[in-house]
Amino acid sequence: MSFVFDPAAPVAVPVAGSEDRFPVRRVYCVGRNYAAHAREMGFDPDREPPFFFCKPADAVVPVAEGSTLSLPYPPETANLHYEIELVAAIGRGGADIPVEQALEHVWGYAVGLDMTRRDLQMKMREAGRPWELGKAFDQSGPIGPLHPAASVPDVGRAGIWLQVNGADKQRSDIGKLIWSVAETVSYLSRYFRLEAGDLIYTGTPEGVGPVVRGDRMVGGVDGLGTLSVRMV
């Protein structure tokens, strides 16, 4: 078989402590999955069914542990926000996965950022239109190395945090997710067949806010290292 042009190499996330790489297939993101964040965005945090949006796989930008990504400020926005998140990586496919078995499909976890053109997202939301302009732009999903699930057995109770220029902005714990990782995987698999290579950005806690060129973001999830990004 021949191609009209050479296909791009797959996006691949490094695996902590290994030469292996995790190839990315799809990227799903959970909206408003912490009650305090829902309130700061102007919504009732009642436990309504989760909702999802997607990013293209090539929006994911792998960042090696100990390095700092230089991230260009994206076009067509004057209000770029950070959102620190736990990312779950699917290693085994399935559909209609029972919640009791959902974590068996999770290969590992990483720290991720869901960068958001908030002004465009709000404009789309107010018009009842999809969020892609605000969420799915180039390089909008920086991610740190993946850690195998067995190496972080307590991730469901881990702390999650983000600092900008050394000042605390977000600080919570994964136990405050409205929908746990297992529940999210199970629910999502009712609508999409999940496959190995899928990433799920599981939602951000309260404290989201803007960054400008020159700002440095450092965030982490306990047991998963840190993710460092500087806006340029």
Run the side-chain contact (heavy atoms from CB on, under 4.5 Å) test on Met115 and Met217 for me, step by step, so that the C-alpha distance in whole Å, both residues' side-chain angles and the decisive distance to 0.1 Å come before the verdict.
CA-CA 11 Å; Met115 300 303 293; Met217 298 167 282; 3.9 Å; yes
Distance in Å, Ser186 OG paired with Leu103 CG, rounded so as to fall on 0.5 Å steps
10.5 Å
Sub-4.5 Å side-chain heavy-atom contact between Val185 and Ile90:
yes
Polar side-chain atom of Thr184 near backbone of Ser180 as donor-acceptor pair, under 3.5 Å
yes
SB check Glu83 Lys135 (cutoff 4.0 Å):
yes
Please determine whether the number of non-hydrogen atoms from other residues, nucleotides or ligands lying under 6.0 Å from atom CG of Asp138 exceeds 12.
no
Show every ring pair (Phe, Tyr, Trp, His ring centres under 6.0 Å) that has at least one partner inside residues 202-232, sequence neighbours left out.
none
In this structure, would Val87 and Tyr34 fall into the same cluster of hydrophobic residues linked by side-chain contacts under 4.5 Å?
no
Has the side chain of Gln170 got a donor or acceptor atom that lies under 3.5 Å from a matching backbone atom of Gly207?
no
Should Glu206 and Val208 count as side-chain neighbours, where that means a heavy-atom distance under 4.5 Å?
no
Between Val63 and Leu162, is there a shared hydrophobic cluster once you connect ILVMFWY residues whose side-chain heavy atoms come closer than 4.5 Å?
yes
Measuring from atom CD of Glu183 to atom CG of Leu177, what distance do you get when rounded to the nearest 0.5 angstrom?
9.5 Å
Say whether, by atom type as modelled, one donor and one acceptor occur between the side chain of Arg117 and the main chain of Leu133 under 3.5 angstrom.
yes
Kindly indicate whether the side chain of Leu80, heavy atoms from C-beta on, has any atom under 4.5 Å from the side chain of Pro74.
yes
Could you grab the distance from atom CZ of Arg193 to atom CG of Leu188, nearest 0.5 Å is fine?
13.0 Å
Would a single hydrophobic cluster contain both Leu224 and Ile84, if residues Ile, Leu, Val, Met, Phe, Trp and Tyr are joined by side-chain heavy-atom contacts under 4.5 Å?
yes
Tightest non-hydrogen contact, residues Tyr82 and Leu113, listed as CB-CD2, 4.3 Å
Could you tell me whether a side-chain N or O of His105 sits under 3.5 Å from a main-chain N or O of Gly93, the two making a donor and an acceptor?
yes
Is Pro205 close to Lys176 at the side-chain level, that is, under 4.5 Å between some pair of heavy atoms?
no
Hey, are Tyr28 and Arg26 close enough side-chain-wise for a donor-acceptor pair under 3.5 Å?
yes
Just so I know, are the side chains of Val218 and Arg216 near enough to count as touching, which here means a heavy-atom distance under 4.5 Å?
yes
From OG (Ser189) to CD (Glu195), nearest 0.5 Å:
11.5 Å
Are Asp198 and Arg25 close enough for a salt bridge, meaning some N to O gap below 4.0 Å?
yes
Where Val24 and Leu199 come nearest, the two heavy atoms and their spacing
CG2-CD1, 3.9 Å
Under 6.0 Å between ring centres, would you say that holds for Trp179 and Phe51?
no
If you round to the nearest 0.5 Å, how far is CZ of Arg129 from CG of Leu120?
12.5 Å
Using only atom types and a distance under 3.5 Å, with no angle test, would you say the side chain of Tyr201 pairs donor to acceptor with the backbone of Ala88?
no
Please say yes or no: joined through hydrophobic side-chain contacts below 4.5 Å, possibly via intermediate residues, are Tyr73 and Leu69 part of one cluster?
yes
Looking at side-chain heavy atoms only, is the closest gap between Val111 and Ile143 below 4.5 Å?
no
Carefully, step by step, assess Cys29 and Phe52 under the rule side-chain contact (heavy atoms from CB on, under 4.5 Å).
CA-CA 5 Å; Cys29 304; Phe52 302 88; over 6 Å; no
side-chain contact (heavy atoms from CB on, under 4.5 Å) between Phe53 and Asp114: does it pass, once the steps are laid out?
CA-CA 11 Å; Phe53 56 91; Asp114 169 20; 3.5 Å; yes
Check: Ser18 side chain, Val15 main-chain N or O, donor-acceptor pair, under 3.5 Å:
no
Once ring pair (Phe, Tyr, Trp, His ring centres under 6.0 Å) is applied, do any residues pair with Tyr191, and if so which ones, sequence neighbours excluded?
Tyr187
Can you tell me how far CG of Asn33 sits from OG1 of Thr204, rounded to the nearest 0.5 angstrom?
10.5 Å
Applying a strict under-4.5 Å side-chain criterion to I, L, V, M, F, W and Y, I'd like to know whether Trp107 and Tyr109 cluster together.
no
Where Pro142 and Leu227 come nearest, the two heavy atoms and their spacing
O-CD2, 3.9 Å
At their closest point, which heavy atom of Gly144 faces which heavy atom of Val13, and how far apart are they?
O-CG1, 3.5 Å
Are Ser140 and Lys55 close enough that a side-chain donor and a side-chain acceptor fall under 3.5 Å?
yes
State, to 0.1 Å, how close Gln163 and Asp168 come at their nearest heavy-atom pair, and which atoms those are.
NE2-OD1, 2.9 Å
Test side-chain contact (heavy atoms from CB on, under 4.5 Å) on Thr116 and Phe137; report intermediate values, then the result.
CA-CA 9 Å; Thr116 302; Phe137 55 93; 5.6 Å; no
If we ignore hydrogens and angles and just use 3.5 Å, is the side chain of Arg230 paired with the main-chain N or O of Asp215 as donor and acceptor?
no
Residue pair Val221 / Ile174: nearest heavy atoms and the distance that separates them
CG1-CG1, 4.3 Å
For Asp154, the side chain to side chain donor-acceptor pair (under 3.5 Å) test, sequence neighbours excluded, returns Arg157
Donor-acceptor pair, side chain of Thr226 and main chain of Gly220, under 3.5 angstrom:
no
